[in-house]
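In what follows, every chain begins at residue 1, and chains take the letters A, B, ... in the order their sequences are listed.
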Protein chains: 2
Amino acid sequence: MAAEQQGTNRMEREVELLWGLDQPEPRRGPKPKLSREAVVAAAVALADAEGLEAVSMQRVAKELGYTTMSLYRYVDSKEDMLVLMSDAGMDAEPPAPRGDGDWRAGVEEWVRGAVDLYRRHPWSVHLPLSGPPSGPNGLRWMEAGLRELTHSGLDAGSALRMLMMLSAALRDTLRIELEMERAARAGGETMADTERGYGRGLRRVVTEEAFPTIDLLLRSDVFGELAPEEYGGAGGPADDIDFAIRRLLDGVEVYVERQRAAGRSAGKGE
Amino acid sequence: MAAEQQGTNRMEREVELLWGLDQPEPRRGPKPKLSREAVVAAAVALADAEGLEAVSMQRVAKELGYTTMSLYRYVDSKEDMLVLMSDAGMDAEPPAPRGDGDWRAGVEEWVRGAVDLYRRHPWSVHLPLSGPPSGPNGLRWMEAGLRELTHSGLDAGSALRMLMMLSAALRDTLRIELEMERAARAGGETMADTERGYGRGLRRVVTEEAFPTIDLLLRSDVFGELAPEEYGGAGGPADDIDFAIRRLLDGVEVYVERQRAAGRSAGKGE
DNA sequence: TAGATCTGTGTATTACTTACACAGTAACGT
DNA sequence: ACGTTACTGTGTAAGTAATACACAGATCTA
């Protein structure tokens with residue numbers, strides 16, 4: 001820890017942390033019995049099993065069979081540990097490049113992969129993180145997403161902007177969905193129950209005058225108060241995301257076509 | 001507090017909380033000197049001034065000139081207080097309906113309004129919240145967004161899905177941006193510094209073989225390592241969001257046209 | 001083998017949420 | 001008017017958390 005790095009900048013320091021560039025290997029003293037990876041792995045396992053709020057330094061240490069303070073030999077602070085967890089949680093290979101040129105399918109595959117990742121580590125959407133991906137895993141996923149998006153004909157800069165929006169939308173959508181699932185489970189309800197409860201709650205405060213469109217939604221039973229018990233099928237959250245993403249990809253398509261039609265001379269203006 | 005409500009459901013209880021439906025007015029005893037609104041307002045003011053991490057029950061109480069425990073007469077838990085803050089923070093009227101039928105301008109106006117809201121209360125993106133809007137302010141914004149989106153010709157259900165994606169994307173994008181701004185300020189850097197630091201950090205770990213597209217981005221100086229000091233102009237975050245949103249709206253447009261062309265008989269399938 | 005360096009531990013500090021009992025106050029029923 | 005009841009804000013204490021600091025012992029270097 002506390003290396004001789006001159007990483008002036010916060011982002012630069014984060015890169016160093018995530019790539020282990022700040023760990024000078026010790027030349028003397030006892031062999032370390034733990035490692036940064038072991039600590040982070042234990043934290044990830046704990047978060048997987050009991051959620052992010054179970055992850056305290058004391059608890060992680062106990063899980064490893066060491067004292068609380070021993071962790072601080074491997075990690076400067078809990079905050080750093082969380083940063084490391086964020087990259088460690090992206091522990092799956094992003095989809096490989098496709099043979100055909102179907103970039104839309106490529107992007108959708110990427111999205112499915114990302115959703116799987118979040119579902120595997122639901123705590124990761126709650127990390128108090130603050131920046132674009134910097135770690136090895138994060139950059140791998142970023143690279144894969146950019147690759148698919150540029151195949152649409154988008155220039156790299158625009159692809160980056162679309163990917164940022166897409167990731168943001170995914171992450172926050174899943175945050176809400178996963179949190180609702182957890183709350184439902186905790187209360188012994190099904191997700192359909194929860195959704196119905198939302199509808200029932202809204203009905204008590206939504207009037208046609210004040211909220212005409214929401215009122216319309218309630219009348220058309222969008223929140224499934226009258227729906228059967230099954231959940232996750234058509235109309236489930238996965239479908240919701242898919243629909244919105246398809247519109248986004250439509251938009252990319254017409255943009256690229258329009259650019260191409262304009263003889264790619266007009267620059268990047270709308 | 002602890003009303004006689006039978007709100008079985010978590011979402012239902014949240015609606016009750018946010019609309020004050022759970023507060024039976026006391027018939028005896030001393031007049032309450034505080035109120036739920038006062039507590040929440042103090043918490044919001046504190047968060048505005050010093051960030052969400054400064055908001056502890058002790059600190060809010062001190063700000064009000066009361067003891068910590070007095071707050072619990074007005075709020076069941078800190079978690080409830082945060083939920084109340086989330087709605088209280090949306091303290092601006094959403095844009096009014098436009099005269100002309102320009103739904104795209106309407107949506108973009110809505111987005112600008114939402115961004116202003118987040119900028120005014122930067123802490124709100126860090127609230128550990130978990131669900132669609134339920135409070136008076138949240139529903140007002142939701143209604144306004146749905147109104148604009150349905151003007152595109154989208155049915156209410158699809159408009160809801162698009163709005164969810166849009167809000168999610170906005171929220172998470174701003175979360176990252178605001179957090180980077182804060183970190184930059186805290187470290188005495190400018191945002192341009194931070195962005196440059198990101199680029200510099202990436203350069204240390206990104207190879208053309210492993211990350212060809214990211215490498216391309218670095219070569220084209222997307223992260224402004226060579227750029228002048230000004231920030232927030234063209235290429236700034238606001239522009240990034242705008243670009244992505246315009247693609248999204250393009251997508252909505254072609255979808256609506258396609259539906260219309262299909263004689264609106266084929267239902268909601270792609 | 002002496003000295004420098006590193007590890008894991010124990011202890012203490014500070015801050016946080018919240019349960020609980022209590023003293024005082026205002027309205028209600030008689 | 002007056003006791004009863006319901007409610008207020010307070011004080012105290014329990015339990016958990018992050019982490020600074022000093023130390024005993026281990027291991028390498030000279």
Side-chain angles (χ1 to χ4, degrees), chain A residues 1-5 17 20 22-40 42-43 46-47 50-85 123 126-128, chain B residues 1-4 17 20 22-43 46-47 50-85 123 126-128:
Chain A
M1 244 69 355
E4 71 296 339
Q5 233 61 37
L17 172 69
D22 62 329
Q23 293 191 94
E25 57 207 298
R27 290 263 152 263
R28 299 188 182 180
K31 299 261 149 68
K33 299 199 184 85
L34 285 171
S35 66
R36 187 176 279 182
E37 293 75 40
V39 169
V40 173
L46 184 56
E50 305 184 29
L52 198 57
E53 71 281 352
V55 177
S56 66
M57 298 307 267
Q58 352 221 356
R59 192 59 204 290
V60 173
K62 175 179 275 183
E63 223 65 25
L64 286 163
Y66 288 82
T67 55
T68 307
M69 290 311 293
S70 66
L71 302 190
Y72 286 94
R73 289 280 170 210
Y74 302 95
V75 154
D76 268 348
S77 63
K78 184 179 183 182
E79 203 186 319
D80 273 12
M81 192 177 76
L82 294 175
V83 170
L84 288 162
M85 285 175 72
W123 45 268
H126 294 297
L127 287 174
Chain B
M1 242 77 350
E4 70 296 339
L17 172 68
D22 63 329
Q23 292 191 94
E25 56 209 298
R27 292 261 153 263
R28 299 189 184 181
K31 297 260 149 69
K33 299 201 185 83
L34 286 171
S35 66
R36 186 175 281 181
E37 293 76 40
V39 169
V40 173
L46 184 56
E50 305 185 29
L52 198 58
E53 71 281 352
V55 177
S56 67
M57 298 308 268
Q58 351 216 4
R59 193 59 206 290
V60 174
K62 176 180 275 184
E63 223 65 26
L64 286 163
Y66 288 81
T67 55
T68 307
M69 289 310 293
S70 66
L71 302 190
Y72 286 94
R73 290 280 170 209
Y74 301 94
V75 155
D76 269 348
S77 63
K78 183 180 184 182
E79 203 186 320
D80 273 13
M81 192 178 76
L82 293 175
V83 169
L84 289 162
M85 285 175 73
W123 45 267
H126 294 297
L127 287 174

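- Proximity of A:Leu17 to A:Asp76: side-chain heavy atoms (C-beta onward) are nowhere separated by under 4.5 Å.
- In this structure, B:Glu53 places its CD atom where more than 12 heavy-atom neighbours from other residues, nucleotides or ligands lie under 6.0 Å away.
- Taking each heavy atom of B:Thr67 and B:Ser70 in turn, the nearest pair found is O-OG, 2.6 Å.
- When atom types are taken as modelled, the side chain of A:Tyr74 and the backbone of A:Val39 share no donor-acceptor pair closer than 3.5 angstrom.
- Interatomic distance, CD of B:Gln58 versus OG1 of B:Thr68, reported as 5.0 Å (0.5 Å rounding).
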For nucleotides 24-26 of chain C, print each protein N/O atom paired with a nucleotide N/O atom at under 3.5 Å, atom names and distance only.
residue : atom : partner : partner atom : Å
C:dA26  : O4'  : B:Gly29 : O            : 3.4

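- If you take CZ of A:Arg73 and C1' of C:dG8, they are 7 Å apart, rounded to a whole angstrom.
- Annotation for B:Ser56 and B:Lys78: closest pair CA-NZ, 4.2 Å, computed over non-hydrogen atoms.
- Contacts of A:Thr68 with the nucleic acid, taken as non-hydrogen atoms under 4.0 Å apart, include base atoms.
- Regarding B:Lys78, its NZ atom lies at a distance of 15 Å from the P atom of C:dA15, rounded to whole Å.
- Applying a 4.0 Å cut-off to non-hydrogen atoms, the residues of residues 56-67 of chain A that approach DNA chain D are A:Ser56, A:Met57, A:Gln58, listed by residue number.
- Contact record, B:Ala54 with B:Leu46: O-CD2, 3.6 Å, taken as the closest heavy-atom pair.
- Where A:Ala54 and B:Ser70 each meet DNA chain D at their nearest nucleotide, the meeting point lying more 5' is that of B:Ser70.
- Here the shortest heavy-atom pairing between B:Met85 and B:Leu127 reads C-CD1, 4.4 Å.
- With rounding to whole Å, B:Met69 atom CE is found 8 Å from C:dC20 atom C1'.
- The closest side-chain heavy-atom distance from A:Arg27 to A:Glu25 is below 4.5 Å.
- Smallest separation of non-hydrogen atoms from B:Ala42 and B:Val60: CB-CG1, 4.1 Å.
- For A:Leu71 and C:dT7, the CG to P distance is 13 Å, given to the nearest whole Å.
- Reading DNA chain D from its 5' end, the first and the last nucleotide to sit under 4.0 Å from a heavy atom of chain B are D:dT5 to D:dT12.
- Residues B:Arg36 and B:Leu84 share a closest heavy-atom pair of CD-CD1, 3.7 Å.
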